[in-house]
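Beneath this line is the structure, given in structure tokens, with notes to follow.
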Amino acid sequence: VRKTNVQLKTENLHDLIDEVLDDILGHELELSNVQLEKIYDCETSEILTDGHQFQQVMLNIVNNAIDAFESREIPYEKRRLEIGFKEYPL
């Protein structure tokens, strides 16, 4: 386990997710025939986070999903991934 300095700042959650899914993994999702649906079901998109670490977690989750589709030989037409978030009152 590597220790890194956490750099917390206000980030736009939509932008962080979009960058991972569209810019970083878009081509891989296409090659793997994964249908992607992004669900942004809340108005608030600003969060306090370390953007780099958040994106690394997203990258790992999506890569694990792609690997699961392929290792379980899920048919192309059933490879669907939904990623999003909802705001719940406290």
Side-chain angles (χ1 to χ4, degrees):
V1 176
R2 286 180 276 156
K3 289 187 178 185
T4 60
N5 292 331
V6 176
Q7 307 271 333
L8 292 180
K9 66 179 187 173
T10 302
E11 298 273 4
N12 183 296
L13 189 54
H14 299 173
D15 292 344
L16 291 172
I17 294 172
D18 287 346
E19 187 175 328
V20 170
L21 298 178
D22 299 336
D23 300 342
I24 299 172
L25 288 175
H27 187 66
E28 186 170 348
L29 288 166
E30 188 176 320
L31 288 175
S32 300
N33 292 307
V34 175
Q35 297 174 18
L36 176 67
E37 182 175 355
K38 294 183 271 187
I39 304 168
Y40 299 151
D41 192 25
C42 71
E43 294 177 20
T44 305
S45 63
E46 301 295 315
I47 62 170
L48 183 63
T49 188
D50 181 311
H52 177 73
Q53 288 186 357
F54 179 88
Q55 286 185 320
Q56 191 61 49
V57 169
M58 285 295 303
L59 187 66
N60 290 339
I61 290 170
V62 175
N63 276 328
N64 287 345
I66 292 169
D67 290 346
F69 287 138
E70 292 174 355
S71 69
R72 293 189 172 102
E73 299 179 1
I74 303 296
Y76 290 141
E77 64 274 5
K78 294 188 178 187
R79 293 183 182 191
R80 183 163 188 250
L81 181 60
E82 291 181 6
I83 293 187
F85 54 91
K86 292 185 177 190
E87 186 173 8
Y88 291 97
L90 298 176

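Atom set for the values below is all heavy atoms of this structure, side chains included, hydrogens, waters and symmetry mates excluded. Remember, predicted model here, so these are calculated numbers, not experimental data.
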To the nearest 0.5 Å, how far apart are [atom1] in [X] and [atom2] in [Y]?
X   : Y   : atom1 : atom2 : result
Q53 : Q7  : CD    : CD    : 9.0 Å
Y40 : I83 : OH    : CD1   : 8.0 Å
L8  : T49 : CG    : OG1   : 6.5 Å
F85 : K38 : CZ    : NZ    : 11.0 Å
F69 : N33 : CZ    : CG    : 11.0 Å
L21 : M58 : CG    : CE    : 5.0 Å

Given N5 and D50, is the side-chain contact (heavy atoms from CB on, under 4.5 Å) satisfied, shown in steps? CA-CA 9 Å; N5 292 331; D50 181 311; over 6 Å; no
Answer yes or no: are there more than 12 heavy-atom neighbours, outside E77 itself, under 6.0 Å from its atom CD? yes
Within 6.0 angstrom of H14 NE2, more than 12 heavy atoms from elsewhere: yes
State, to 0.1 Å, how close [X] and [Y] come at their nearest heavy-atom pair, and which atoms those are.
X   : Y   : result
L29 : V62 : CD2-CG1, 4.0 Å
A68 : I74 : O-CG1, 4.4 Å
I66 : S32 : CG2-OG, 3.5 Å

State, yes or no, whether a side-chain contact exists between Q35 and E37 at a heavy-atom distance under 4.5 Å. no
V34 side chain reached by R80 side chain, heavy atoms, under 4.5 Å: no
Cluster question for you: counting only ILVMFWY and a side-chain heavy-atom cut-off of under 4.5 Å, with indirect links fine, are [X] and [Y] together?
X   : Y   : answer
V6  : L48 : yes
L36 : L59 : yes
L13 : I61 : no

Side chain to side chain contact (heavy atoms under 4.5 Å, CB included), paired with Q55, selected from N60, L16, I17: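 One option only clears the test, and that one is L16.
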